[in-house]
Structure formats: C-alpha cells, structure tokens
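Okay, structure first, notes after.
Note that the coordinates shown come from a computational prediction; the quantities given were computed from them, not determined experimentally.
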Amino acid sequence: MNRSMVRFLLAKLLLIEAGLLLVPVSIALYYRESSQVFTALFSTIGILVVLGLLGIISKPKKQRIYAKEGVLIVALCWILWSFFGALPFVFSGQIPNMIDAFFEISSGFTTTGATILNDVSVLSRSLLFWRSFTHLIGGMGVLVFALAIMDNAKNSHLEVMKAEVPGPVFGKVVSKLKNTAQILYILYLAMFALFVIIYYLAGMPLYDSFVIAMGTAGTGGFTVYNDGIAHYHSSLITYLTSVGVLMFGVNFNLYYYLMLRRVKEFFFDEELRAYLLIVVVSTGLITLNTLHLYSGVSQSFEMAFFQVSNIITTTGFGYGNITNWPLFSQYILLMLMAIGGSAGSTAGGLKVMRGVILAKIAKNQFLSTISPHRVLTLHVNQTVIDKDTQHKILKYFVVYVMILLSLMFIISLDADNLMIVTSAVFSCFNNIGPILGTTASFSIFSPFSKLLLSFAMIAGRLEIYPIILLFMKRTWSKR
C-alpha cells in the first residue's frame, strides 16, 4: 500500500474543507453574527490547515495509487470531512454533543437530510447555511469535487472516483478523468444556480432560495424552517421542488448527451424510462389511496407527487404530516426508499439501474427454467451486460439486504415500532432523511444508534464496500 500517498491526498482534502468553511464565515460576516460563531468556524479552519500542512510537507516519491488506496482514501475522506465539518456546531455550542453533530453533518455530506434537531432555529444563519452547503458539496461527490480542482498527473485518481461515483458501472463522459469531473460539476452547479433563480422568482427570500436549491441539487432535504416546504404555503414552490429533485435524480451523463444534441440517447435510456414510470405509477396509486384525506384530487395529487419525488430521489424535504396516511401508501414510500434514483445522479438508494438489471436477471432465470437449452443474454440500452457485471450486482444486492437486516436488528433495541425502526434504517442507509410512522427527529435514538446510523449513511452513500473494507485487516497491509 502507498500509505504516503494516502496521507498526502487526505491532507490536501482537509485543506480543501478548510477553504470551503470560508463560505459560512462570509455568511456570518454578512449577518453580523456573534463572536462565538466566528471562534467556532476559525478554530475548525485552523485545525484543518495545521493538519493539512503537516500532511503535505513531504511529497511522496511514488504517486501511483491502486484500488486499495482509492477505497481507503474515499472512506477516510468522508469520515474525516464529517468529523471536522461537525466541529463548528460543537465549538459554538449550537449542537454541543459531538455524536449529534457528527450525525447531523454526516447527514449533510451524504445528502441524507436526517436530523437530530427538533427545532432548526437553534442554528445561526451561517451554520444553517453550512449544514445545507454540505448537501451541495456531497451531492456530486466530495472526491469528484476535489478531483475537478486538484492536479491529476498520471491520471492516478481513477480508483478514487470509481470508489465514490454511485452506480453498478463507472463510466467517463470524456477520455480524461479530470475533464469528466469538471464537466459533471459544471452541469451540476449550472442547474443549482438555475434553481436558486427559479425559487427566488417563485417568492422565496434569497437566503432561502440558496438553502433549498442546495437541498434540491444534492437531493438532501435540509430546509430553513421546521415545517420544511410547507412553510411557504405555495403550490408553485411545492411543484417546483418536486420537479427539481426529480431532475437531479437523473443520471448526469444523460444531460451531457443532451448538450451534445444526442437526444435519442436521453429519451430512450431504459433507466430513465423505468425511473419515470415508477414515479407515475406510485403517484397515481397514492393519490387514489389518500383521496379521502384531502379536499380534492388536485390536493391529493400535489401531496402524493411531492412525497414520491422526494422519496425516490432520496431528498426528503418535509411537507406536512403523513403519519395519518393509509399503510398501503406508506409501504409504497418504503419501497421507493430502497429503489432510489438513477445511477450517476445525486440520489441514493439501490439505484433504478440495479433494479432494472435485477428484474431482467429474474426474467432470464424464469425463461431458462422453461427452456433450459436456450441461450439468453441481458441487454440494457442495447448493450450486453456481461455475466461478471450481473454477478457483481447480485452480490451487491445480497450484501445490501444483509446490512439492512443487521441494522434493523440492532436499532430495534431503541424502538418498539416496526415502521419507525425499518424506515429509520432505510432512511439512513439509502440517504433519504425522514422517518415514517412518527413526526419525531432522530433524537429519539441512543448515542450508539446515532453513531451506527451515521456510518450507515456514509456506507450507503459510498455503496457499502469502502466502509466495510476500511475495517478489514488486509486493507491496511503493506502488500
């Protein structure tokens, strides 16, 4: 293992986080916040700068990294960024408990949107902004962001990006990896800026527009007020956020194809069509099932569309109380939690692409039972999915289910309600945010459960393997 290169890159990443913390500093200056907030922010920046400079003093002689180093850098980076990103909350006393603060900022970077706060008004404007700013950073990927701005000599960071970018298959949109990262981030930030303008024109204050747009872009879900999007009392804003999160739940490679006027590849993408079909069917079923709870079809549809779009994209913006919804509708949302958005999007979950491939594997298995000698191939977007990729997806699904069941077994020690335990685990592991069956926050869980769920959020965002490998002895061996 090239440990010196791991140390060197992690140090660079800590310096980048120190630079990003200047954003909430500028917000604190604008709103003339207390000296306690400035002390908390600058103390964190100071710690990051010192550790970062110590780590880059000596440049490694060998700069090549392989899969093992890539996985290690990704896992450690997300844990370290979450730890140090939580320090301003602790130092300022606004979230004095370190485990609570770590949970909150892990939820931010992983774009989960789960919170231990029962009242977000305890946060100053700058730290409320930092909390949502982590959505924007983590949405496309902490390492993808770093790769877009860092030197990439010898293309040595391929393994880093492969370990972080979600989806069953990693693909570059252009030949150079650094250019791929830059293109993806330009698209991402352009869409984010567009939604800041749209929300502002729709009637949101400018500060709110930035916060909600960051939650939309990162499919995260943190808001400015306790009642979430419902605070604005606007159907227009409700529909805008619903459409917005659905757009960010689409594979960003497809938007690049649109830029190149390859319209056919966009609209005929199997994952996109499956994604939109799931949204349409789920919205229709919930609209009909909850019709008796609302004053008309339009209101029922608005609520159903909002919740479906927010859950399948793993955003989780709050809007009203759905604990009174029929169990049928709540179970649909639970299934959407597992499905998640598209591969290569900012959404979490199992990913629609994996669902499509798993469904086709099951179909082929049935067909082979009927016709044992028939040669069957699996195609997605007119491309053959080889047996190796199919086996990897099946293995991932098995590990995914095993971890979900294990987490539910442990978290059940903290709560007696099956829906609360199940949805809490699904919510964190799939990076969604809300708990079904209760209006309470994650403060109802013990410190151990919150720490475990924090790691579940990071593991879910990194698609399991980097976090598991972090705790394996072989990962740390010199060979």
Side-chain angles (χ1 to χ4, degrees), residues 165-171 246 249-251 253-254 257 262 264-289 308 311-314 326-345 347-409 418 422 425-426 429-430 460 463-465 468:
V165 175
V169 180
F170 168 74
L246 283 176
V250 172
N251 190 330
N253 288 3
L254 295 182
Y257 295 151
R262 290 157 63 177
K264 187 177 179 181
E265 290 185 49
F266 181 91
F267 287 105
F268 285 88
D269 181 76
E270 283 192 55
E271 183 183 33
L272 177 63
R273 285 185 291 171
Y275 170 67
L276 295 177
L277 180 63
I278 293 167
V279 171
V280 170
V281 172
S282 300
T283 301
L285 289 173
I286 291 176
T287 299
L288 293 172
N289 191 231
V308 167
I311 295 298
I312 194 170
T313 59
T314 68
L327 199 58
F328 176 77
S329 293
Q330 293 195 47
Y331 271 119
I332 290 175
L333 295 181
L334 195 64
M335 286 188 286
L336 294 178
M337 283 183 172
I339 294 168
S342 304
S345 71
L350 188 63
K351 302 294 183 299
V352 174
M353 177 60 82
R354 283 199 182 93
V356 169
I357 295 173
L358 285 168
K360 291 192 174 190
I361 290 172
K363 178 186 174 183
N364 281 357
Q365 188 62 42
F366 285 124
L367 291 174
S368 66
T369 304
I370 299 168
S371 307
H373 302 294
R374 184 177 175 183
V375 178
L376 298 166
T377 56
L378 196 156
H379 295 80
V380 174
N381 295 329
Q382 299 179 340
T383 301
V384 176
I385 304 297
D386 58 65
K387 289 291 183 182
D388 183 53
T389 302
Q390 293 180 45
H391 290 155
K392 284 180 180 177
I393 291 170
L394 286 168
K395 290 172 187 174
Y396 180 86
F397 182 67
V398 170
V399 173
Y400 171 87
V401 171
M402 288 174 64
I403 292 176
L404 271 178
L405 293 174
S406 300
L407 286 169
M408 284 188 279
F409 180 72
L418 181 62
T422 305
V425 171
F426 270 64
F429 194 49
N430 293 300
E463 305 215 316
I464 303 172
Y465 295 128
I468 292 177

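- Between Val380 and Ile357, some side-chain heavy-atom pair lies under the 4.5 Å cut-off.
- Contacts of Arg262 classified as salt bridge (Lys or Arg N to Asp or Glu O under 4.0 Å), with partners at least two apart in sequence or in another chain: Glu265.
- Across all their heavy atoms, Lys351 and Glu463 have their closest contact at NZ-OE2, 3.3 Å.
- Residue Tyr275 comes nearest to Ser342 through the heavy atom pair CG-OG, 4.0 Å, listed as atom of the first residue, atom of the second, then distance.
- Distance alone, capped at 3.5 Å, places no donor-acceptor pair between the Glu270 side chain and the Val356 backbone.
- Using a 4.5 Å heavy-atom cutoff, the side chains of Leu254 and Leu272 are in contact.
- Summarising the geometry, atom CD1 belonging to Ile278 is positioned 5.0 Å from atom CD1 belonging to Ile312; distances are rounded to the nearest 0.5 Å.
- A donor-acceptor pair shorter than 3.5 Å cannot be found between the side chains of Asn251 and Asp269.
- At least one side-chain heavy atom of Tyr331 sits less than 4.5 Å from a side-chain heavy atom of Leu327.
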Give the intermediate values and the outcome of side-chain contact (heavy atoms from CB on, under 4.5 Å) for residues Gln390 and Leu378.
CA-CA 9 Å; Gln390 293 180 45; Leu378 196 156; 3.6 Å; yes

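- Here the shortest heavy-atom pairing between Thr313 and Gly249 reads CG2-CA, 4.2 Å.
- Of all the heavy atoms in Thr377 and Asn364, the pair that sits closest is O-ND2, 3.6 Å.
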Phe409 vs Leu405, test: side-chain contact (heavy atoms from CB on, under 4.5 Å). Steps then yes/no.
CA-CA 6 Å; Phe409 180 72; Leu405 293 174; over 6 Å; no

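- Between Ser329 and Ile286 there is a side-chain heavy-atom pair separated by less than 4.5 Å.
- Without hydrogens or angle criteria, Ser345 side chain to Gly341 main chain gives no donor-acceptor distance under 3.5 Å.
- Side-chain N or O atoms of Thr287 include one that pairs as donor or acceptor with a backbone N or O of Thr283 at under 3.5 Å.
- Looking at every heavy atom in both residues, Ala338 comes nearest to Phe426 through CB-CE2, 3.7 Å.
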For a quick test of your reading: what N or O donor-acceptor pairs under 3.5 Å do the side chains of residues 393-403 make, sequence neighbours left out?
residue : atom : partner : partner atom : Å
Tyr400  : OH   : Asn430  : OD1          : 2.8
Tyr400  : OH   : Asn430  : ND2          : 3.3

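- Counting only distance, with no hydrogens or angles, the side chain of Ser368 and the backbone of Gln365 share a donor-acceptor pair below 3.5 Å.
- Taking every heavy atom of both residues into account, Ala274 and Val352 meet most closely at CB-CG1, 3.9 Å.
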